[in-house]
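Single-structure report; data block below.
Chain letters run A, B, ... following the sequence lines, proteins first, then strands; residues in each count from 1.
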Number of protein chains: 2
Amino acid sequence: MHDHQVCINHAMQMAKSVCKRNKQELTPLRQAVLKLIWNSHQPVTAYQILADLSKKRKMVAPPTVYRTLEFLEKNGLIHKIESLKAFIGCSHPDQNHGSVFLICRKCNYVQEELDMHGQSNIDKIVNKNIFLPQSYVIEVIGFCKSCH
Amino acid sequence: MHDHQVCINHAMQMAKSVCKRNKQELTPLRQAVLKLIWNSHQPVTAYQILADLSKKRKMVAPPTVYRTLEFLEKNGLIHKIESLKAFIGCSHPDQNHGSVFLICRKCNYVQEELDMHGQSNIDKIVNKNIFLPQSYVIEVIGFCKSCH
DNA sequence: TATTAACATGTTACATTATAACATAACATC
DNA sequence: GATGTTATGTTATAATGTAACATGTTAATA
Ligand SMILES: [Zn+2]
Ligand SMILES: [Zn+2]
Ligand SMILES: [Zn+2]
Ligand SMILES: [Zn+2]
């Protein structure tokens, strides 16, 4: 357990400054979606967001949600968990980083850990193959400390 | 370039022995799907398989394909590339292993590299968090040697 | 101040990916 | 030949994601 309000406040503050830095607008819609995502440390699907958002505002359609998610992801404010087709707030949007996601199958908590891709065993493989990496998907599925 | 017929033959041989070891049946349907997947080193979607298979045999429905894919995956004969929602033959179905997939955005070639999860930086993170890993999704998206 | 360009959001209609639930077949064992 | 098990077929629908075009909003710029 932790004071999650701190997480939310921090995330929203970060978002403001990141968007400012990137010269991008953090509109009310984008803020609302980001806040919904930060409701928990569990990943949420686009259609969960769609439902939640449609309660708060008038009915929204899928493109609205997907576009907003795209914006947030491009600006490093959220990540997509590919193995779950779901989205989660980025814990470190200010830093340029790769991430390792630890995904608990029982409680759904997702822990994002920084990983400076560059000298890991994965990068050894990348280099050995003369591969030019552009993005990484690194997800570990299992049970978190509390759940096993 | 390489003699891909060798890859196919090897894969089908391996499949036979793996299924025997696992006491599982490699039925004609399952063989057909595996062969279709091994048509190339590029990942194929379930619905591509559905289309191909429906040409070879009588029309098949999605559950037939998804069930077969599930069987093949459970027996370690194929892998799902999560970031592409597509499937690819496993190059090393006989060994118990983790994999790193190098996915070329231009030519779609997917290189599977073995990675004995256990002492990598990812596992350091796993251990630090007292996380009990069950499966890994490790995908690097970029450009292969030939394409950059 | 009208005009334009840009960006953001709304709307409609679909495409793609995946699964639930139930029915039948195929085969082995008793 | 009844029974259980595994594999496959069938129908229907759920869940995820996008293309294309319309409208609104704001801020230069003519
Ligand atoms: Zn929190
Ligand atoms: Zn947990
Ligand atoms: Zn080959
Ligand atoms: Zn390539």
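Residues from residues 28-36 of chain A placing a heavy atom under 4.0 Å of any atom in DNA chain C, listed by number, are A:Leu29, A:Arg30. Of the residues in residues 75-83 of chain A, not one comes within less than 4.0 Å of DNA chain C through any heavy atom.
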Self-check item: B:His2 vs B:His10, ring pair (Phe, Tyr, Trp, His ring centres under 6.0 Å): CA-CA, chis, key distance, verdict
Solution: CA-CA 14 Å; B:His2 66 281; B:His10 181 250; over 10 Å; no
Exercise. Start with the C-alpha gap between A:Lys128 and B:Glu113, add the side-chain angles, then the distance that decides, and say whether salt bridge (charged side-chain N to carboxylate O under 4.0 Å, His left out) holds.
Key: CA-CA 10 Å; A:Lys128 195 191 79 187; B:Glu113 291 282 327; 2.8 Å; yes
N/O to N/O distances under 3.5 Å, protein versus nucleotides 12-16 of chain C:
none

With the criterion being N/O to N/O and under 3.5 Å, what pairs connect the protein with nucleotides 27-30 of chain C, and how long is each?
none

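By the ring-ring contact (aromatic ring centres under 6.0 Å, His included) test, B:Phe87 pairs with no residue at all, sequence neighbours left out.
For the residue pair A:His79 and A:Glu139, no side-chain donor N or O sits within less than 3.5 Å of a side-chain acceptor on the partner. A donor atom on one side chain and an acceptor atom on the other are found under 3.5 Å apart for B:Gln5 and B:Asn9.
In this structure, A:Cys144 and B:Phe131 approach most closely via the heavy-atom pair CA-CD1, 3.6 Å. When every heavy atom of B:Glu25 is checked against every heavy atom of B:Phe71, the shortest pair comes out as O-CZ, 3.4 Å.
The number of heavy atoms from other shown groups lying within 6.0 Å of NE2 (A:His92) is above 12. Annotation: A:Lys35, atom NZ; neighbour count of heavy atoms from other residues, nucleotides and ligands within 6.0 Å does not exceed 12.
Of all nucleotides in DNA chain D having an atom under 4.0 Å from a heavy atom of chain B, the first and last in 5' to 3' order are D:dA7 to D:dG17.
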